[in-house]
A.B. asks: 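Take a look at this one; I'll ask things after.
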Amino acid sequence: MRDLTSDTITDAVISTMRDTKDARVAEILESLVRHLHGFVRDVELTEEEWARGVDFLTRTGQMCTSTRQEFILLSDVLGITTLVDSLSNRRPTETTQNSVLGPFFREDRPHHADAADISGGLPGTPLFFEGRVVSRAGAPVADAAVDVWHSDGDGHYDVEVPGQADPAMRALLRTDGTGHFGFRSIRPSSYPIPGDGPVGELLGATGRSPMRPAHVHLRIEAEGFQRVTTMLFPSDDSYLDTDPVFGVKESLITSYDTYEAGAGPCRELTDGPYTVLRHTFVLEPRPADSPG
């Protein structure tokens with residue numbers, strides 16, 4: 001492999017991978033090399049631009065910590081996360097659609113009983129959530145595990161709230177025999193994704209808004225069904241059409257009904273304005289040959 005040129009370098013690199021034992025790894029690496037080399041040729045990347053790109057990726061890695069993953073954020077804003085999710089979770093339109101997991105899911109969430117207050121005592125407009133999990137045939141799915149997490153009224157998750165040591169606005173719940181689950185918390189708000197790193201620079205350079213529409217995250221798992229990772233967005237949010245991580249789907253937009261004190265279905269439970277959110281989640285059966 002001597003005297004390589006811009007016309008021969010791609011095949012030369014691929015030839016060095018001919019002894020790759022894993023066929024899938026070989027397929028992915030060959031396609032990656034061909035697409036990367038094709039990109040460089042297409043834009044005729046200069047040495048200065050290449051160096052700036054390496055610096056951008058270096059700084060992206062340096063921003064990553066145990067509570068922040070800048071590379072996932074980069075994947076999000078480039079639409080890669082949503083593309084991978086869409087390819088991996090093709091489902092009938094009548095079932096609940098997937099959306100991106102986001103960076104704030106935590107394994108150390110508390111288990112809560114039905115109708116529990118999961119706000120952790122943080123201030124905000126009370127939110128009453130009533131959910132139901134059913135099959136495509138409409139049958140209730142009992143004992144489904146439902147993970148819930150969301151931001152506060154200022155757009156902050158518990159890991160971002162100064163002085164908040166314990167988990168808040170997140171919980172693991174179980175559906176009852178009718179497929180029902182519920183909780184009380186505070187209404188989430190729209191918020192900007194982190195803009196103090198390389199991803200923020202990218203958004204600024206392309207004139208994109210960093211604002212995510214408000215949402216409640218849910219992840220639902222039940223025996224015999226495909227896992228659903230999704231979000232619910234308020235229909236009146238002004239950022240629905242400019243979500244920087246491309247997570248909004250029409251079927252996930254719903255009404256966050258707000259009532260004044262002394263009115264509505266939960267008037268006895270609060271002395272101020274509050275929000276009620278109701279939604280039915282429809283699960284798709286897991287294929288017989290799919291792993292547990």
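Start at 1 with the first residue, then count along the sequence. Scope of the values below: all heavy atoms of this structure, side chains included, with no hydrogens, waters or symmetry mates.
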A.B. asks: For R187 and T258, does a side-chain donor sit closer than 3.5 Å to a side-chain acceptor?
C.D. replies: yes

A.B. asks: Looking at R106 and D108, is there a salt bridge between them, counting it only when a charged N and a carboxylate O are closer than 4.0 Å?
C.D. replies: yes

A.B. asks: Would I220 end up clustered with L277 when hydrophobic side chains under 4.5 Å apart are linked, directly or stepwise?
C.D. replies: yes

A.B. asks: For the pair T96 (side chain) and V282 (backbone), establish whether a donor and an acceptor sit closer than 3.5 Å, ignoring hydrogens and angles.
C.D. replies: yes

A.B. asks: Would you kindly confirm whether V77 and L57 end up in one hydrophobic cluster when ILVMFWY residues are joined by side chain heavy atoms under 4.5 Å apart?
C.D. replies: yes

A.B. asks: With sequence neighbours left out, what residues match Q69 under side chain to side chain donor-acceptor pair (under 3.5 Å)?
C.D. replies: none

A.B. asks: Between S135 (side chain only) and A139 (backbone N and O only), is there a donor and an acceptor less than 3.5 Å apart?
C.D. replies: yes

A.B. asks: Could you tell me whether H279 and F281 have their ring centroids closer than 6.0 angstrom?
C.D. replies: yes

A.B. asks: Checking E70 side chain against V199 main chain: does a donor-acceptor pair fall under 3.5 Å?
C.D. replies: yes

A.B. asks: Any salt bridge between R132 and D176, counting N to O under 4.0 Å?
C.D. replies: no

A.B. asks: For L202, is there any backbone N or O sitting under 3.5 Å from a side-chain donor or acceptor partner on T206?
C.D. replies: yes

A.B. asks: Does the ring centre of Y256 sit less than 6.0 Å away from the ring centre of F233?
C.D. replies: no

A.B. asks: With ring-ring contact (aromatic ring centres under 6.0 Å, His included) as the rule and sequence neighbours excluded, what pairs involving residues 189-210 come up?
C.D. replies: Y157-Y191, Y191-H215

A.B. asks: Under 4.0 Å between a Lys/Arg side-chain N and an Asp/Glu carboxylate O for R59 and E201?
C.D. replies: yes

A.B. asks: Heavy-atom count around E94 CD within 6.0 Å, excluding the residue itself: above 12?
C.D. replies: yes

A.B. asks: Given side chains that start at C-beta, do those of L83 and F246 come closer than 4.5 Å, heavy atoms only?
C.D. replies: no

A.B. asks: Does F39 share a hydrophobic cluster with W50, counting links as ILVMFWY side-chain heavy atoms below 4.5 Å and allowing steps through other members?
C.D. replies: yes

A.B. asks: Could you tell me whether the side chains of D76 and T81 share a donor-acceptor contact shorter than 3.5 Å?
C.D. replies: yes

A.B. asks: So does D271 have more than 12 non-hydrogen atoms from other groups sitting under 6.0 Å from CG?
C.D. replies: no

A.B. asks: Between S86 (side chain) and T82 (backbone), is there a donor-acceptor pair under 3.5 Å?
C.D. replies: yes

A.B. asks: Do F128 and T275 have side chains that get closer than 4.5 Å, going by heavy atoms?
C.D. replies: no

A.B. asks: Within the distance-only criterion (no hydrogens, no angle test), does the side chain of T175 pair as donor or acceptor with the backbone N or O of V141 below 3.5 angstrom?
C.D. replies: yes

A.B. asks: Please determine if R68 and D196 form a salt bridge, counting it only when a charged side-chain N lies under 4.0 Å from a carboxylate O.
C.D. replies: yes

A.B. asks: If every non-hydrogen atom of P213 is compared with every non-hydrogen atom of V248, which pair is closest and at what distance?
C.D. replies: CG-CG2, 3.8 Å

A.B. asks: Identify the two heavy atoms, one from L173 and one from H112, that lie closest to each other, and give their separation to 0.1 Å.
C.D. replies: CD2-O, 3.3 Å

A.B. asks: Could you tell me whether R52 and E49 have a side-chain N and a carboxylate O separated by less than 4.0 Å?
C.D. replies: no

A.B. asks: Give a yes or no on whether D22 atom CG has more than 12 heavy-atom contacts from other residues, nucleotides or ligands under 6.0 Å away.
C.D. replies: yes

A.B. asks: For D117 and S119, indicate whether the former's side chain and the latter's backbone hold a donor-acceptor pair under 3.5 Å.
C.D. replies: yes

A.B. asks: Shortest non-hydrogen contact from A142 to G177?
C.D. replies: CB-CA, 3.9 Å

A.B. asks: So E30 and T20, do their side chains get closer than 4.5 Å, heavy atoms only?
C.D. replies: no

A.B. asks: Sort out for me which residue in E284, E221, R91 forms a side-chain hydrogen bond (donor to acceptor under 3.5 Å, both in side chains) with Q226.
C.D. replies: R91

A.B. asks: Report yes or no: does S88 contribute a side-chain atom to a donor-acceptor pair with the main-chain N or O of D85 at less than 3.5 Å?
C.D. replies: no

A.B. asks: In the structure I gave you, are the side-chain heavy atoms of L172 and V146 within less than 4.5 Å of one another anywhere?
C.D. replies: no

A.B. asks: Is there side-chain contact between S99 and T229, with at least one heavy-atom pair below 4.5 Å?
C.D. replies: no

A.B. asks: Using a 4.5 Å cut-off on heavy atoms from C-beta on, say whether the side chain of V13 contacts that of H37.
C.D. replies: yes

A.B. asks: What pair of heavy atoms forms the shortest contact from Q97 to T95, and how long is it?
C.D. replies: NE2-O, 2.9 Å

A.B. asks: Can you find a side-chain donor-acceptor pair between H150 and S185 that sits under 3.5 Å?
C.D. replies: yes

A.B. asks: Do the non-hydrogen side-chain atoms of D147 and L218 ever get within less than 4.5 Å of each other?
C.D. replies: no

A.B. asks: Is the side chain of R18 donor-acceptor paired with the backbone N or O of S15 at a distance under 3.5 Å, no angle test?
C.D. replies: yes

A.B. asks: Within a 6.0 Å radius of atom CD on E44, are there more than 12 heavy atoms belonging to other residues, nucleotides or ligands?
C.D. replies: no

A.B. asks: Taking side chain as C-beta onward, heavy atoms only, is P188 less than 4.5 Å from L127?
C.D. replies: yes

A.B. asks: Can any side-chain N or O of R184 pair as donor or acceptor with the backbone N or O of A116 at less than 3.5 Å?
C.D. replies: no

A.B. asks: Which value, rounded to the nearest 0.5 Å, describes the distance between I28 atom CD1 and M17 atom CE?
C.D. replies: 12.0 Å

A.B. asks: If you take all heavy atoms of C64 and T60, which pair is closest and at what distance?
C.D. replies: SG-O, 3.5 Å

